[in-house]
Amino acid sequence: MSAFKQNFLQAALDAQALKFGTFTLKSGRISPYFFNMGLFNTAKTLSALAESYAKAIIESGIEFDILFGPAYKGIPLAAITVTKLYEIGGEKYANIGYSFNRKEKKDHGEGGSIVGCPLKDKKVLIIDDVMTAGTAINEAFGIIKDEGGITVACIIAVDRMETTKDSNECATKIVSKRYGVPVLSIVSFDDIIEVLKSQLTTEQMESVLEYRKKYVPTN
Ligand SMILES: O=P(O)(O)OC[C@H]1O[C@H](OP(=O)(O)OP(=O)(O)O)[C@H](O)[C@@H]1O
């Protein structure tokens, strides 16, 4: 497994952004683990987070022009990751742009709902924290299309790999199929299990595996 995945999981544990216990999710499911991106909230933890996103993007080999962060949580992610891509990846990433949408359209000053690089005719990579039903990502695809951009991929931090409430497929697969683009993640639920198995108690591991069996499709 890539070192950046292990580093990311260690950073998530250190920041308590990844926790094990009993958590009620947005979907209503009771999960044995929870990922809260909001706890990456200091210079050091954000730098580690940006490095993880940047390395996952570089490793994917995806060619793109603009990193787009959907409001709100995608906005700082796009900003920190684009700078880290340049720091790590060098000149190849020097001209990668970033942009984001406003949730409310602004009708004074420069106006509009997009801030940053114009998307027209550009290859766009969407960056966000997590995907549950895929609503935020669907909206982002719509915004980018309306602006004349072409979405070439999405990246999230953690792919929980679980089915949505309305389907037997996981959200990342549904989005990937719907738009015909890859949905990348820094880590998946399986990576979490693989890396952390030695750090979990037997009970924690049992509930994690039980949850996986119940909600992660086998195909
Ligand atoms: O796949 P979904 O069901 O859309 O859930 C995931 C989205 O929900 C959260 O954002 P939210 O829409 O709450 O907005 P925020 O970034 O302003 O908090 C999260 O940051 C994702 O963007």
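On a predicted model such as this, the values are computed, not experimentally measured, just so you know. When a ligand or atom number is given, it counts from 1 through the structure's own listing order. Start at 1 with the first residue, then count along the sequence.
For ligand 1, the polar-atom distance check against A136 finds a nitrogen or oxygen pair separated by under 3.5 Å. Of the polar atoms of M131, none of the N or O atoms is found under 3.5 Å from an N or O of ligand 1, judged by distance alone. Considering backbone and side-chain N/O atoms, A133 comes within less than 3.5 Å of an N/O atom of ligand 1.
Within the listing of ligand 1, atoms 1 (O), 2 (P), 3 (O) sit less than 4.0 angstrom from a heavy atom of G134. Near V130, with a cut-off below 4.0 Å to any heavy atom, the atoms of ligand 1 are 6 (C), 21 (C).
For the residue pair T42 / T45, a side-chain donor-acceptor distance below 3.5 Å is found, with atom types taken as modelled. A side-chain N or O of K84 and one of S47 form a donor-acceptor pair less than 3.5 Å apart.
The aromatic ring centroids of F8 and Y53 lie 6.0 Å or more from each other. Under the 6.0 Å cut-off for aromatic ring centres, Y215 and Y211 qualify, their centroids lying closer than that.
Residue I144 is grouped with residue I114 when hydrophobic side chains (ILVMFWY) are merged at heavy-atom distances under 4.5 angstrom, including chains of intermediate members.
Heavy atoms from both the backbone and the side chain of T132 come within less than 4.0 Å of ligand 1.
Both tests pass for R160 against the ring of Y33: distance under 6.0 Å to the centre and angle within 45° of the axis.
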**Message:** With salt bridge (Lys or Arg N to Asp or Glu O under 4.0 Å) as the criterion, how do E59 and K55 come out once you've worked through the C-alpha distance, each side chain's angles and the decisive distance to 0.1 Å?
**Reply:** CA-CA 6 Å; E59 189 179 81; K55 288 189 171 168; over 6 Å; no
**Request:** Evaluate side chain to side chain donor-acceptor pair (under 3.5 Å) for E87 paired with Y93, printing each intermediate quantity in order.
**Result:** CA-CA 9 Å; E87 283 169 30; Y93 294 93; over 6 Å; no
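Of all protein heavy atoms, the one lying nearest to atom 11 (P) of ligand 1 is K73 NZ, 4.3 Å. Closest protein heavy atom to atom 19 (C) of ligand 1: D129 OD1, 3.2 Å. Nearest protein heavy-atom contact of atom 22 (O) of ligand 1 is D128 OD2, 2.6 Å.
Between atom 17 (O) of ligand 1 and the options K103, M37, K26, the minimum heavy-atom separation is to K103.
Residue contacts with ligand 1 leave out P70, since none of its heavy atoms falls under 4.0 Å from the ligand.
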